[in-house]
Structures are given as structure tokens and as C-alpha cells.
Engineer: 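Sharing a structure here in C-alpha cells format.
Values in this document were obtained by computation on a predicted structure and should not be read as measured data.
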Amino acid sequence: MLASDEPLITAKPGNDEPAFCEGARSLPVRGFRAGQHFAVQDWVADEVPVALEYNGVSHAVMLATPLDLEDFALGFSLSEGILDAPHELFAVEEERSEMGITLHLQVASGPFARLKERRRTLTGRTGCGLCGTESLEHVARNLPVLSTHATWRREAIGRAMSQFCELQTLQQATGAVHAAAWCSAQGEVMWLREDVGRHNALDKLIGALASNGIDASTGFIAVTSRASFEMVQKTAMAGVSLLAAVSAPTSFAVATAQKARMTLVGFARKQDLVVYCHGERLSLDEAAAAGADHAR
């Protein structure tokens with residue numbers, strides 16, 4: 001309890017707090033900041049169990065932010081290799097209960113038959129994409145070998161990373177979510193999705209691109225997390241040849257990117273970055289590139 005003579009802040013500092021934030025709820029909080037006690041309403045990101053059922057058969061339960069769930073259903077199905085193409089998903093019905101959300105997916109008979117053959121349980125947590133995998137054979141799958149024709153400039157990656165903050169509305173409100181963005185070759189953030197789980201954010205992005213008929217191979221993906229193995233695997237499944245992460249990759253992620261011929265970039269912050277593999281696609285010297293263009 002606060003003593004009666006202690007100063008009390010009853011509103012969060014700043015006048016730009018949203019009156020409503022989808023994907024979050026306003027909760028009363030108390031604390032101490034800048035030498036003062038405060039008691040305010042604060043935005044907290046929603047996190048609920050989301051179950052995915054394929055033709056009535058339960059397959060996975062993930063903890064996720066209940067936004068863009070149709071994108072999530074399609075993106076998860078594609079990035080996990082359950083579906084080969086968006087048209088194999090006929091419908092998604094959302095059922096909410098006190099326990100969470102169930103997504104009922106109706107899929108084509110071919111993918112459903114394959115799914116039953118390699119059935120596994122993925123009772124996931126926000127920080128783990130492999131929880132419940134039954135054997136080592138289920139971890140890594142055959143990935144597409146990505147095109148070597150695309151080239152990228154360091155400046156484009158820096159431009160994309162600098163746009164992240166202003167576009168992450170849920171992160172600004174809650175400070176609790178990751179984002180994945182698809183960026184044009186020039187570094188413009190064209191599509192962005194957020195979620196408490198980094199894998200979920202990427203799946204939502206992949207689903208959004210697929211459902212809108214975007215050729216993902218013409219741009220690159222940037223994420224606000226580390227570049228784990230599964231982030232690389234999902235990016236490769238989407239046909240994207242460059243993944244740029246704010247944080248570091250793991251050794252398994254680098255090995256996976258090398259095999260898929262993906263350019264993997266970590267510690268991408270403003271104009272700084274570290275290239276871990278297939279740097280031949282990436283021009284790091286903007287001045288030299290500009291000079292070469294001028295000479296032509």
C-alpha cells in the first residue's frame with residue numbers, strides 16, 4: 001500500500017497511449033518509476049492457447065496472440081509442410097471457449113493423408129518451436145534450395161530495421177511481442193505481423209503473403225528476434241532467400257541456412273549487421289556499389 005504522503009501518478013507518462021489496442025487488454029498496475037510511485041492502467045499482450053484441427057483431427061496447440069488467426073492457420077500449415085499450396089486450405093472456422101481458441105481447418109484429402117502418416121504432437125510454448133516432436137527425424141525436413149539470383153544491399157536492410165519500431169503498434173503498447181516483416185528489395189516494410197511468439201509472428205506473415213498472392217521471393221524477411229533454426233526453416237519454406245534478425249543466429253540455424261543457400265544476417269540494427277552465410281548476395285559497400293552503377 002502507498003503511504004498517504006507519497007506522490008501518486010494516475011496516468012502513464014506521455015499523451016500518445018492508445019485508447020484501444022487490439023491484441024491486448026488494459027489492466028491496473030502499480031510500480032515505481034523516476035522517483036515516484038504510480039498506479040495506472042497498462043496494456044498487457046493477450047496470450048491464449050490456440051489449437052489447430054485438420055479435418056476434425058487435433059494436431060497442434062500453440063500459445064499465441066489472438067490476432068490474424070486465419071493468416072496463422074495458413075502460414076503454419078505451409079511452413080510446417082502440411083500444405084503445399086494455399087488452395088489446399090478450403091476453410092478456417094474459429095471456435096472460442098473459456099479454455100482458448102480452436103481453429104478448425106478444412107484441407108484437401110492429399111495433405112490430410114500425409115499429415116496422418118507423419119502425425120506428431122506440437123504442444124508449443126512461445127519460446128520453443130519443437131516441443132512435443134516425437135523423434136529426431138521430425139526436426140529437419142527437406143528444404144527448397146533457394147535461388148541465387150537475388151541480390152541485396154546493406155542499405156535496404158538498414159532501412160527496413162529502422163521502420164520496425166513505428167510499425168509495431170502492439171509492441172509499443174505492451175512491450176511483450178515479436179514482429180516479422182516482409183520487405184521489398186528496397187527495404188520498405190510492406191507486410192508485418194506481431195505475436196507473443198516469434199514463430200507465430202513469422203507464420204502469420206507467411207500466411208498473409210500467401211493469401212494475398214504475394215511472390216515472397218522478390219523481397220526479404222526481417223524479424224525482431226534471434227534467428228533460430230525454425231525461423232530459418234520457415235523462411236526457406238516461404239521461398240525467401242534472405243533472413244535478417246535483430247539478434248544472433250544459432251549454429252543449427254546457420255547450418256540450415258547454408259544448406260538451403262539462404263543469406264542469413266544477424267545483429268541487424270540500423271546500418272550494422274553480421275553476415276553468417278551466403279554473403280555473396282549482399283553488397284556491404286554502398287559507396288562502391290553506387291560508383292559501379294554510375295560507371296555503367
Side-chain angles (χ1 to χ4, degrees), residues 65 67-68 71-72 75 78-79 126-127 129 143 146-147 150-172 175-210 212 214-250 253-254 256-257 260-279 281-284 286:
T65 301
L67 289 175
D68 305 306
D71 289 342
F72 177 54
L78 292 170
S79 72
T126 56
L143 297 178
L146 300 167
S147 168
T151 58
W152 316 99
R153 291 190 174 184
R154 174 178 57 82
E155 180 184 31
I157 298 175
R159 181 179 298 117
M161 304 313 286
S162 68
Q163 294 177 26
F164 255 148
C165 288
E166 63 187 68
L167 296 175
Q168 293 176 66
T169 55
L170 188 55
Q171 168 66 7
Q172 288 179 27
V177 300
H178 285 294
W182 183 78
C183 313
S184 71
Q186 293 73 39
E188 295 297 324
V189 175
M190 309 300 293
W191 294 84
L192 183 144
R193 291 293 184 267
E194 294 182 280
D195 196 276
V196 290
R198 64 185 187 277
H199 305 107
N200 301 339
L202 182 52
D203 278 334
K204 289 178 178 180
L205 175 67
I206 292 170
L209 297 174
N212 285 278
I214 305 298
D215 181 0
S217 67
T218 62
F220 63 92
I221 287 178
V223 296
T224 60
S225 64
R226 70 181 184 272
S228 63
F229 152 75
E230 221 180 20
M231 299 295 277
V232 169
Q233 185 167 255
K234 288 176 182 291
T235 299
M237 292 294 286
V240 176
S241 60
L242 170 62
L243 174 63
V246 167
S247 193
T250 64
V254 174
T256 303
R261 296 184 184 174
M262 178 189 298
T263 301
L264 181 59
V265 171
F267 295 107
R269 303 169 186 178
K270 297 183 179 179
Q271 296 303 313
D272 298 334
L273 54 81
V274 178
V275 183
Y276 288 88
C277 63
H278 291 291
R281 289 195 188 92
L282 190 59
S283 172
L284 297 179
E286 295 299 324

Engineer: Hey, what's the ring geometry for W152 with F220, parallel, tilted or perpendicular (30° and 60° as the breaks)?
Structural biologist: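 Rings of W152 and F220: perpendicular, as their planes differ by over 60°.
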Engineer: Test W191 against I221 for side chain to side chain contact (heavy atoms under 4.5 Å, CB included), laying out the working first.
Structural biologist: CA-CA 10 Å; W191 294 84; I221 287 178; over 6 Å; no
Engineer: Can you find a heavy atom in the side chain of H178 that is under 4.5 Å from one in the side chain of D195?
Structural biologist: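 Heavy-atom side-chain distance check fails, nothing below 4.5 Å.
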Engineer: L282 and R154: which non-hydrogen atoms are nearest, and at how many Å?
Structural biologist: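 Nearest pair, atom of L282 first, then R154: CD1-N, 4.0 Å.
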Engineer: Taking all non-hydrogen atoms of both residues, which atom of W182 and which atom of D215 are closest, and how far apart?
Structural biologist: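 That would be CZ2-O, 3.7 Å.
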Engineer: How long is the straight-line distance from CD of E155 back to CD of Q271, given to the nearest 0.5 Å?
Structural biologist: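 Reported value, rounded in 0.5 Å steps: 6.5 Å.
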Engineer: With a 4.5 Å heavy-atom cut-off, do L202 and M231 have their side chains touching?
Structural biologist: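 Answer yes - side chains close enough.
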Engineer: With a 4.5 Å limit on heavy-atom distance, are the side chains of E194 and T224 in contact?
Structural biologist: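 Answer no - side chains too far apart.
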Engineer: If only atom types and distance count, is the side chain of Q186 paired as donor or acceptor with the main-chain N or O of A156 below 3.5 Å?
Structural biologist: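 Answer holds: no.
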Engineer: Kindly compute the distance separating NZ (K270) from CZ (R159), expressed to the nearest 0.5 Å.
Structural biologist: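 K270 NZ to R159 CZ: 16.0 Å, rounded to 0.5 Å.
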Engineer: Partners of T263 by side chain to side chain donor-acceptor pair (under 3.5 Å), sequence neighbours excluded?
Structural biologist: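 With neighbours one apart ignored, the set is R281.
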Engineer: Can you give me the closest heavy-atom contact between L243 and M262, atom names plus distance?
Structural biologist: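 Minimum heavy-atom contact is CB-SD, 3.9 Å.
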Engineer: Is the number of heavy atoms from other residues, nucleotides or ligands under 6.0 Å of R261 CZ greater than 12?
Structural biologist: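 At most 12 heavy atoms, drawn from other residues, nucleotides or ligands, come within 6.0 Å of this atom.
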Engineer: Does some side-chain heavy atom of L284 sit less than 4.5 Å from a side-chain heavy atom of L273?
Structural biologist: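 Yes; the side chains approach each other to less than 4.5 Å.
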Engineer: Given side chain to side chain contact (heavy atoms under 4.5 Å, CB included), test V246 with R269 step by step and report yes or no.
Structural biologist: CA-CA 6 Å; V246 167; R269 303 169 186 178; 3.7 Å; yes
Engineer: What closest approach, in Å, do A238 and A216 show between heavy atoms, and which atom pair accounts for it?
Structural biologist: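 Taking A238 first and A216 second, the nearest heavy atoms are O-CB, 3.7 Å.
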Engineer: Identify the heavy atoms of Q163 and E188 that sit nearest to each other, and give their distance.
Structural biologist: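 Smallest heavy-atom distance, with atoms named: NE2-OE1, 3.3 Å.
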Engineer: Inspect the contact between D68 and K204 and indicate whether a charged nitrogen and a carboxylate oxygen are less than 4.0 angstrom apart.
Structural biologist: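 Salt bridge absent between K204 and D68.
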Engineer: With a 4.5 Å limit on heavy-atom distance, are the side chains of E230 and R198 in contact?
Structural biologist: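 They are not in side-chain contact.
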Engineer: Does any part of the side chain of L143, heavy atoms only, come nearer than 4.5 Å to the side chain of Q233, both counted from C-beta?
Structural biologist: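 Side chain of Q233 against side chain of L143, heavy atoms only: contact under 4.5 Å found.
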Engineer: What heavy-atom pair brings L264 and A227 nearest, and what distance separates the two atoms?
Structural biologist: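 Heavy-atom minimum between the residues: CD1-CB, 3.9 Å.
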Engineer: At what distance, to the nearest 0.5 angstrom, does CG of N212 lie from CE of M190?
Structural biologist: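 With rounding to 0.5 Å, CG (N212) is 11.5 Å from CE (M190).
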Engineer: Given F72, which partner from the list I206, D203, T65, L205 fulfils the side chain to side chain contact (heavy atoms under 4.5 Å, CB included) test?
Structural biologist: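 Answer to the side chain to side chain contact (heavy atoms under 4.5 Å, CB included) test with F72 among I206, D203, T65, L205: D203.
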